[in-house]
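In what follows, chains carry the letters A, B, and so on, assigned in the order in which the sequence lines appear, proteins first and then strands, with residues in each chain numbered from 1. The figures that follow rest on heavy atoms only: side chains count, while hydrogens, waters and symmetry mates do not. Quick caveat, the model's predicted, so the values are computed rather than measured.
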Amino acid sequence: MESKLTIYNTLTRSKEVFVPLDPPLVGLYVCGPTVYGDPHLGHARPAVTFDLLFRYLTSLGYRVRYVRNITDVGHLENDADEGEDKISKKARLEQLEPMEIAHYYTVRYHRYMDALGMLSPSIEPQASGHIIEQIGMVKQILEAGYAYESNGSVYFDVEKYNRDHRYGRLSGRNIDDMLANTRELCGQDDKRYSFDFALWKKAGPEHIMRWPSPWSDGFPGWHMECSAMSRKYLGDRFDIHGGGMDLVFPHHEAEIAQSTAACGHEAARYWMHNNMLTINGQKMGKSLGNFITLEELFTGSHPLLEQPYSPMTIRFFMLQAHYRSTLDFSNEALQAAEKGLDRLMKAVETLNKLGASAGKSTVDVGDLERRYTEAMNDDLNSPMVIAALFDWTRTINQLHDGSQKISSEDLARLKMLVNMIVFEVLGLRDEKAADTVGGTDHLTPVVDLLLELRAEAKTNKDWPLSDRIRNRLADAGIKVKDQKDGPSEWTIE
RNA sequence: GGUGCGAUGGCCGAGUGGCUAGGCUCAGGUCUGCAAAACCUGCUACAGCGGUUCGAAUCCGCUUCGCACCUCCA
């Protein structure tokens with residue numbers, strides 16, 4: 001843990017050296033999905049970002065408790081505390097229990113996250129399972145005087161909070177200005193000011209999801225769940241809170257206010273936010289018709305997609321951009337990522353089969369190690385790591401064809417390093433290798449026989465036969481690669 | 001309107017005072033019976049206008065354009 005990992009803290013708008021509160025433990029909380037619809041491309045970005053962080057911290061020797069919530073209640077359609085609960089609405093439309101909706105989409109979410117190679121969080125708490133904790137925290141905020149009850153609902157008193165602490169620091173908002181401009185009170189509403197947010201909402205008669213509380217039968221405000229659950233599992237103070245940039249305001253701003261009001265101090269030390277993903281230069285939105293689910297992506301079943309893209313292609317594509325940059329999705333970019341990943345995985349395979357050369361190394365394995373460490377420590381600069389890996393892809397191919405040399409000691413170190421970076425930290429998986437399991441055992445002797453016959457044909461300079469075998473195998477999805485010396489190799493495409 | 005972020009070669013995408021990012025595409029070459037793969041070579045860019053500097057894509061200012069959040073969205 002000597003490394004100097006720096007991460008960009010949204011709170012200070014600068015890169016800071018990461019110092020855990022209680023090493024080797026690290027507490028990481030990330031806002032998870034609201035499970036009312038199929039997981040889409042946008043869900044993959046924070047998942048990849050924080051999976052990378054989780055994996056890297058773990059590889060540095062930290063014991064990370066990674067908490068990612070499932071929002072199954074309280075997330076309304078409109079943040080002005082109007083509108084229907086998202087889960088309830090879906091349940092009503094599909095004539096199902098809200099918990100059926102939540103369960104169905106939670107399972108789907110897990111399935112696609114698994115496909116994308118995400119490690120499971122340490123704890124994945126559901127908002128509906130933590131109503132008691134949320135009510136408890138609302139009580140504390142009321143006792144501290146930073147909330148008021150109004151007609152069975154409880155609202156956070158932003159104006160009062162702002163007098164004692166500063167509201168809006170994370171998102172760069174100035175409440176004083178907002179106050180000056182918003183002198184008129186929200187007349188018919190229960191709230192005093194439009195920017196006050198609900199901690200507890202009284203449920204109308206049509207509301208299915210409701211729990212008893214000291215104030216009314218109702219349900220918690222959306223922001224409460226993260227404050228209550230992060231506190232329960234990570235404590236009053238914890239290291240890192242993450243999420244998408246779109247959550248900075250109001251969600252995370254409200255979380256900070258809630259935690260500070262209840263505990264007297266802020267909860268999270270570092271706030272990390274991944275940037276958004278655009279599709280052909282536009283943000284993804286249901287109304288824009290460019291809303292692509294992960295299922296559509298993996299099967300190619302969306303009008304915008306020229307072909308299916310594998311889960312690892314998506315993961316690699318995202319890792320090729322820095323998590324704080326906007327990333328533009330396009331068929332061209334995805335196809336480039338697919339080819340690049342293929343090149344990289346082939347090199348890893350080549351490396352793992354490689355034997356040491358005689359004599360001293362002509363390559364410096366330390367170069368990869370230094371570049372990897374430096375890049376990851378610089379706010380998880382995965383694109384730089386991948387650039388280094390591609391430089392070493394060339395080197396590995398040169399070792400393979402003998403134009404470079406490597407000692408057995410260096411080779412062992414290189415194999416260890418490359419496999420660690422590619423599989424354990426970047427979390428990639430060799431999809432082609434995985435595909436062949438099951439079929440290969442029976443196929444191998446057959447293909448080997450055909451290649452033997454082809455080798456004989458080649459010896460006899462019977463090119464038509466040789467090419468026929470190669471072409472027919474290609475038609476069957478088996479690609480033949482002739483070697484300079486030795487038998488031909490083959491791979492399933 | 002408010003708050004932020006950005007504009008990099010054919011495409012994607014790093015970098016951030018002086019030294020080739022990388023991937024994909026394209027062109028030429030080596031190898032090969034021919035392919036494929038691999039390797040070598042080439043295409044050398046930083047929105048515009050000013051300023052600071054010995055030197056700026058990188059710092060400062062202005063302009064133009066784009067994006068995100070402020071309203072449901074990861």
Side-chain angles (χ1 to χ4, degrees), chain A residues 10 13 30-34 36-37 39-50 75-80 82-84 86 89 168 171-174 177-178 181 195 222 242-251 253 273-278 281-287 291 316-317 320-322 324-344 346-347 350 371 375 378 381-391 393-398 400-404 458 461-464 466-467 470-471 474 479-484 488-489 491:
Chain A
T10 308
R13 295 180 200 290
V30 177
C31 292
T34 301
Y36 71 109
H40 53 75
L41 199 48
H43 288 108
R45 192 95 198 264
V48 168
T49 300
F50 294 103
H75 201 162
L76 303 186
E77 289 215 287
N78 176 318
D79 200 59
E82 304 295 326
E84 231 176 318
K86 291 181 174 190
K89 183 182 180 185
S171 57
R173 260 155 248 259
N174 189 336
D177 291 350
M178 287 167 73
N181 298 332
F195 42 69
W222 172 39
M245 262 185 191
D246 55 332
L247 295 177
V248 170
F249 189 91
H251 187 55
E253 202 71 78
H273 292 98
N274 61 277
N275 213 319
M276 311 309 274
L277 190 122
T278 57
Q282 273 196 308
K283 80 165 180 175
M284 201 166 79
K286 281 182 175 156
S287 54
F291 201 85
F316 186 68
F317 170 67
Q320 270 192 301
H322 187 90
R324 281 193 291 115
S325 303
T326 54
L327 175 61
D328 190 47
F329 169 96
S330 66
N331 282 286
E332 263 190 316
L334 262 286
Q335 283 158 15
E338 184 178 51
K339 287 182 183 166
L341 175 62
D342 192 41
R343 180 172 148 81
L344 179 62
K346 275 183 182 154
T350 302
R371 288 168 71 187
D378 184 15
N381 198 329
S382 54
M384 291 280 274
V385 173
I386 290 171
L389 282 173
F390 274 117
D391 284 341
T393 291
R394 179 174 298 111
T395 305
I396 287 165
N397 288 326
Q398 287 170 337
H400 180 62
D401 67 24
S403 60
Q404 298 269 15
K458 282 175 72 176
K461 298 200 190 300
D462 184 353
W463 310 128
S466 161
D467 289 351
R470 185 172 65 196
N471 291 340
K479 202 172 193 176
V480 176
K481 240 183 357 184
D482 288 351
Q483 299 290 102
K484 227 181 288 176
S488 301
E489 291 182 347
T491 48

For this session: Return the 5'-most residue of the pair A:A337, A:H40 with respect to RNA chain B, ranking by each residue's nearest nucleotide.
Result: A:A337
Exercise. If you find the nucleotide of RNA chain B closest to A:L41 and the one closest to A:K458, which residue's nucleotide is nearer the 5' end?
Worked result: A:K458
Exercise. Under 30°, 30 to 60°, or over 60°: which ring-plane class applies to A:F390 and A:F316, parallel, tilted or perpendicular?
Worked result: perpendicular
Would you say [X]'s side chain and [Y]'s backbone share a donor-acceptor pair under 3.5 angstrom?
X: A:S466; Y: A:D462; value: no
X: A:D342; Y: A:E338; value: no
X: A:Q320; Y: A:A337; value: no

Determine the Euclidean distance between corresponding [atom1] atoms of [M] and [N]; express it in Å to zero decimal places.
N: B:rA14; M: B:rG2; atom1: P; answer: 29 Å
N: B:rG17; M: B:rG13; atom1: C1'; answer: 22 Å
N: B:rG6; M: B:rG10; atom1: P; answer: 23 Å
N: B:rA27; M: B:rC19; atom1: P; answer: 31 Å
N: B:rA47; M: B:rG9; atom1: P; answer: 8 Å
N: B:rG48; M: B:rC65; atom1: P; answer: 16 Å
N: B:rC67; M: B:rU58; atom1: P; answer: 24 Å
N: B:rA7; M: B:rC49; atom1: C1'; answer: 15 Å

Is the phosphate of [N] approached by [X] (side-chain N or O, under 4.0 Å from OP1 or OP2)?
X: A:K339; N: B:rU25; answer: yes
X: A:R394; N: B:rC40; answer: yes
X: A:H400; N: B:rA38; answer: no
X: A:N397; N: B:rC39; answer: yes

Exercise. Would you say A:W463 stacks on B:rG33, if stacking means ring centres under 5.5 Å apart and planes within less than 30 degrees?
Worked result: yes
Euclidean distance, atom [atom1] of residue [X] to atom [atom2] of [N] [Å, nearest integer]:
X: A:Q398; N: B:rU41; atom1: CD; atom2: C1'; answer: 14 Å
X: A:R371; N: B:rG22; atom1: CZ; atom2: P; answer: 8 Å
X: A:R173; N: B:rG1; atom1: CZ; atom2: C1'; answer: 13 Å
X: A:N471; N: B:rA36; atom1: CG; atom2: P; answer: 12 Å
X: A:D467; N: B:rC34; atom1: CG; atom2: C1'; answer: 6 Å
X: A:F249; N: B:rA74; atom1: CZ; atom2: P; answer: 18 Å
X: A:L247; N: B:rC69; atom1: CG; atom2: C1'; answer: 11 Å
X: A:D246; N: B:rA68; atom1: CG; atom2: P; answer: 11 Å

Problem set entry | Flag for A:T10-A:H273: side-chain donor and acceptor within less than 3.5 Å | yes
Exercise. With sequence neighbours excluded, what pairs up with A:N381 under the side chain to side chain contact (heavy atoms under 4.5 Å, CB included) test?
Worked result: A:H322, A:A375, A:D378, A:P383, A:M384
For this session: Would you classify A:G42 as touching base, sugar-phosphate or nothing, given that sugar-phosphate means primed atoms plus P, OP1 and OP2, and contacts are heavy atoms under 4.0 Å?
Result: base
Exercise. How is A:M276 classified with respect to the nucleic acid when contacts are heavy atoms under 4.0 Å: base, sugar-phosphate, or nothing?
Worked result: base
When you measure from the side chain of [X], which nucleotide among [options] comes out closest?
X: A:K479; options: B:rG22, B:rA36, B:rA74; value: B:rA36
X: A:R470; options: B:rC39, B:rA35, B:rG22; value: B:rA35
X: A:R343; options: B:rC39, B:rA74, B:rA35; value: B:rC39

For the atom pair [atom1] ([X]) and [atom2] ([Y]), what is the distance rounded to the nearest 0.5 Å?
X: A:Q404; Y: A:T395; atom1: CD; atom2: OG1; result: 6.0 Å
X: A:L334; Y: A:K339; atom1: CG; atom2: NZ; result: 12.5 Å
X: A:T350; Y: A:K346; atom1: OG1; atom2: NZ; result: 9.0 Å
X: A:R343; Y: A:T393; atom1: CZ; atom2: OG1; result: 6.0 Å

Exercise. Do A:F249 and A:H251 have side chains that get closer than 4.5 Å, going by heavy atoms?
Worked result: no
Exercise. Looking only at heavy atoms, which two atoms of A:N275 and A:R324 are closest? And how far apart?
Worked result: ND2-O, 2.8 Å
Exercise. Stems in RNA chain B: runs of 3 or more consecutive Watson-Crick or G-U pairs, distances under 3.5 Å?
Worked result: B:1-7 with B:64-70, B:10-12 with B:22-24, B:26-30 with B:38-42, B:47-51 with B:59-63
For this session: Going 5' to 3' through nucleotides 4-19 of chain B, assign each nucleotide B (protein heavy atom under 4.0 Å from a base atom), S (under 4.0 Å only from sugar-phosphate atoms) or - (no protein heavy atom that close).
Result: -------SSSSS----
